[in-house]
Amino acid sequence: MIDLPVMQFPVEKLINTARASRERAYAPYSGFRVGAAILTSEGRLYTGCNIENASYGLTVCAERVALFKAVSNGERQFAALVVISDSEDYCTPCGACRQVLAEFGSEIKVYMCNHRGEYIVKTLAELLPLSFKLKGGEAGKIEDSPRPNPVRVVEPVDR
């Protein structure tokens with residue numbers, strides 16, 4: 001069970017929700033279907049699946065789809081994320097997904113499943129111990145720092 005302040009939430013429900021989402025994956029190029037389910041601190045679930053694109057760099061991972069759906073609905077606090085694929089191996093979030101998740105908390109529990117639903121769990125801080133953070137207070141507020149005088153570069157001109 002995931003320990004939540006208001007309630008208890010069964011991990012099996014998270015896994016089954018992510019598994020169902022995996023079935024909706026759009027992965028015609030790699031064939032690697034991934035599903036994710038993210039649980040808010042208030043107990044709401046959002047799902048995502050990977051969505052590939054012919055321009056492969058535009059592919060979006062299941063974890064980010066789930067997170068972006070949640071954030072676009074006003075969510076900002078998360079308790080857990082499940083990610084599952086068709087693989088024998090445990091499905092771990094890529095570096096980009098880890099960094100995006102880190103924006104919302106380092107203590108999010110990440111359940112990494114294999115195709116059977118067996119899992120290992122780690123906190124986001126364990127998966128990304130030195131995440132990038134902007135200096136300053138809250139997210140979105142960048143500290144004003146004094147800027148050095150600009151350097152003027154003079155290029156020689158050959159005529």
Practice problem: Could you tell me whether a side-chain N or O of Arg33 sits under 3.5 Å from a main-chain N or O of Asp86, the two making a donor and an acceptor? | Solution: no
Quiz item: Does Phe78 have any ring-ring contact (aromatic ring centres under 6.0 Å, His included) partners at least two apart in sequence or in another chain, and if so, which?
Solution: Phe104
Self-check item: Sub-4.5 Å side-chain heavy-atom contact between Tyr119 and Ile84
Solution: no
Quiz item: Quick one: does Glu63's side chain have a donor or acceptor within less than 3.5 Å of a partner on Val83's backbone?
Solution: no
Quiz prompt | Minimal non-hydrogen separation, Val65 against Cys49, with atom names | solution = CG2-O, 3.5 Å
Quiz item: Does the distance from a Lys or Arg side-chain N to an Asp or Glu carboxylate O, for Arg116 and Glu88, drop under 4.0 Å?
Solution: yes
Quiz item: With no hydrogens and no angle check, is any side-chain donor or acceptor of Ser55 less than 3.5 Å from a backbone partner on Gly57?
Solution: no
Self-check item: Contact summary for Ala66 and Gly48, nearest pair of heavy atoms
Solution: CB-N, 3.6 Å
Self-check item: CG-OH distance between Leu81 and Tyr111, expressed to the nearest 0.5 angstrom
Solution: 10.5 Å
Self-check item: Atom of Cys94, atom of Arg64 and distance for their closest heavy-atom approach
Solution: SG-NH2, 4.4 Å
Self-check item: Donor-acceptor contact below 3.5 Å, side chain Lys69 vs main chain Thr47
Solution: yes
Quiz item: Val121, Phe9: one ILVMFWY side-chain cluster at the under-4.5 Å cut-off?
Solution: yes
Exercise. Quick one: closest heavy-atom pair of Tyr90 and Met112, and the distance?
Key: CD2-O, 3.2 Å
Exercise. Assess whether side-chain contact (heavy atoms from CB on, under 4.5 Å) is satisfied between Glu75 and Ile38, documenting all intermediate values.
Key: CA-CA 11 Å; Glu75 306 290 356; Ile38 193 162; over 6 Å; no
Self-check item: Same apolar cluster: Ile108 and Val71, side chain cutoff 4.5 Å
Solution: yes
Practice problem: Following the transitive rule for hydrophobic clusters with a side-chain heavy-atom cut-off under 4.5 Å over Ile, Leu, Val, Met, Phe, Trp and Tyr, establish whether Phe68 and Ile51 coincide in one cluster. | Solution: no
Self-check item: Backbone N/O of Lys13 and side chain of Thr17: donor-acceptor pair under 3.5 Å
Solution: yes
Quiz item: Does any N or O in the side chain of Arg22 come within less than 3.5 Å of the main-chain N or O of Ser85, such that one atom is a donor and the other an acceptor?
Solution: yes
Practice problem: Look at atom CG of Leu58 and say whether more than 12 heavy atoms of other residues, nucleotides or ligands are closer to it than 6.0 Å. | Solution: yes
Practice problem: Under the side-chain contact (heavy atoms from CB on, under 4.5 Å) rule, what do His115 and Ser87 come out as? Steps first, then yes or no, please. | Solution: CA-CA 5 Å; His115 73 97; Ser87 177; 6.0 Å; no
Quiz item: Are the side chain of Asn50 and the backbone N or O of Thr59 linked by a donor-acceptor pair below 3.5 Å?
Solution: no
Self-check item: Sidechain-backbone polar pair: Glu118 side chain, Cys113 backbone, donor-acceptor under 3.5 Å
Solution: no
Quiz item: Got a donor-acceptor contact below 3.5 angstrom from the Asn16 side chain to the Arg19 backbone?
Solution: no
Quiz item: Same cluster for Leu67 and Leu124 if Ile/Leu/Val/Met/Phe/Trp/Tyr side chains link at under 4.5 Å?
Solution: yes
Quiz item: In terms of hydrophobic clustering (I, L, V, M, F, W, Y; side-chain heavy atoms under 4.5 Å; direct or indirect links), are Val34 and Ile120 co-clustered?
Solution: yes
Quiz item: Can you tell me if Ser131 and Gln99 form a side-chain donor-acceptor pair at under 3.5 Å?
Solution: no
Exercise. Decide if atom CD of Glu126 counts as having more than 12 heavy atoms of other residues, nucleotides or ligands within a radius under 6.0 Å.
Key: yes
